[in-house]
Amino acid sequence: MTRHQPEPEPQRQPEPDTGRDPAAPAGRAAPAPDPAELAGGAAVEAEGIGLKGPRGWVFREVTVEAAPGSVVALTGASGTGRTCLLLALTGRMKLTEGEARIGGLRLRKQAAAIRRTAALAHVPGVDDLEPSLTVGEHLRERVLLQRRYGTAPLAALKAALRSPRQRRADARRVHDEALAAAGLNLATLPKGPRTAVRDLERLERLRLCVALALIGRPRLIAVDDVDLKLSAPLREEAWALLASVAASGVTVLAVCGEAPAGLPGDVPLVVVVADRATGARTAEDAPAEPAPKPDGTDETEKETADALAETGRA
């Protein structure tokens, strides 16, 4: 008798990597990772970005390149669009030209994801504190809001399965870690946690804003007017605070009138000088601040205000 040998099975060629989840339906790309699950600071990469308002360009041709855990100082004359640039890099203003990536996320197409991972720490007119509330009330409110709206769905489900005692312990731990990172000691305040915001000194208010932002455990925080109305010793303390936050791995965007020469702890410092004509220059090439008009108004400040109204602030 003749035995028939089974035919060998054809070898399968490896499928090319298309960057798509095999379990996802055909023609649909894999979803972007949840920003809350990404660890470490966010790298800032921008090339030729600009924002145009009803009266013209607010800023243009800005290029930024900063590694995670850096401090990016956005400096320049008043009315050169520093605050608008700060809001644009955190996904809260829509760019007119150029492209940027924040933590690997495309700013033009993934602004909502960037907003979930970039927190505003101190931007007057956008995230102002309530003067009549106390420090403790602000902190408790932010913890409750973070638990309700700022947590990824899976993490929120896991938290809901914990006992009330465990949830309170988790909230207390996040609260204490944020205060420690911001260097805010409630015991040194006039009335402790019952101190009203209106009674805080400017540097204490800055520390509170940073602590509130860190409660959400962001990868990037944005601070406006860091050195406004601060003496030289207080400016050093403010920059030391931001340097300590960056040293923990969180990238810091800071608007300032004058960038420091360096930061303690050898924290990387990137200086971007905003200018309406060229967008960004080095500190040596920065032009002098234009003289105000006789009526006391500044055309550049009007253009910035119009751009804020046109684009909207989150």
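As a basis for the values below, the full set of heavy atoms in this structure was taken, side chains included, without hydrogen atoms, waters or symmetry mates. In this chain, numbering begins with 1 at the start of the sequence shown.
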Exercise. Around atom CD of Glu97, are there more than 12 heavy atoms of other residues, nucleotides or ligands at under 6.0 Å?
Worked result: yes
Problem set entry | Neighbour count >12 (heavy atoms, 6.0 Å) for atom CG, Asp266 | no
Once you round to the nearest 0.5 Å, how far does [atom1] of [X] lie from [atom2] of [Y]?
X      : Y      : atom1 : atom2 : value
Leu214 : Leu179 : CG    : CG    : 9.5 Å
Ile102 : Arg219 : CD1   : CZ    : 10.0 Å
Arg142 : Arg140 : CZ    : CZ    : 14.0 Å
Thr134 : Leu139 : OG1   : CG    : 8.5 Å
Leu206 : Leu200 : CG    : CG    : 11.0 Å
Leu95  : Phe59  : CG    : CZ    : 5.5 Å

What heavy-atom pair brings [X] and [Y] nearest, and what distance separates the two atoms?
X      : Y      : result
Arg207 : Ala182 : NH1-O, 2.9 Å
Asp227 : Cys256 : OD1-CA, 3.6 Å
Pro124 : Asp225 : CG-OD2, 4.3 Å
Ala178 : Ile215 : CB-CG1, 3.7 Å
Ala238 : Leu230 : CB-CD1, 4.1 Å

Under 4.5 Å between side-chain heavy atoms, counting indirect links through other Ile/Leu/Val/Met/Phe/Trp/Tyr residues: same cluster for [X] and [Y] or not?
X      : Y      : result
Leu203 : Leu263 : yes
Leu269 : Ile221 : yes
Val210 : Leu186 : no
Leu212 : Val226 : no
Met93  : Leu105 : yes

Is any side-chain heavy atom of [X] closer than 4.5 Å to a side-chain heavy atom of [Y]?
X      : Y      : value
Leu120 : Thr90  : yes
Val123 : Asp128 : no
Val62  : Leu85  : yes
Glu61  : Ile49  : no
Arg202 : Arg205 : no
Leu129 : Cys209 : yes
Lys94  : Arg108 : no

Problem set entry | Full working for side-chain contact (heavy atoms from CB on, under 4.5 Å) between Arg217 and Val174 | CA-CA 9 Å; Arg217 296 180 177 177; Val174 172; 3.3 Å; yes
Problem set entry | Arg194/Glu137 under salt bridge (Lys or Arg N to Asp or Glu O under 4.0 Å): CA gap, chis, key distance, verdict | CA-CA 8 Å; Arg194 294 178 297 175; Glu137 288 171 340; over 6 Å; no
Problem set entry | Glu258 with Arg235: basic N within carboxylate O range, under 4.0 Å | no
For this session: For the pair Val272 and Val72, evaluate side-chain contact (heavy atoms from CB on, under 4.5 Å) and give the outcome as yes or no after the intermediate values.
Result: CA-CA 7 Å; Val272 178; Val72 181; 4.2 Å; yes
[X] side-chain N/O to [Y] backbone N/O, donor-acceptor pair under 3.5 Å:
X      : Y      : result
His138 : Glu130 : yes
Thr96  : Lys52  : yes
Arg106 : Lys109 : no

For this session: Begin from the C-alpha positions of Arg92 and Arg115 and carry the test side-chain contact (heavy atoms from CB on, under 4.5 Å) through to its verdict.
Result: CA-CA 7 Å; Arg92 290 162 173 87; Arg115 287 194 295 270; 3.8 Å; yes
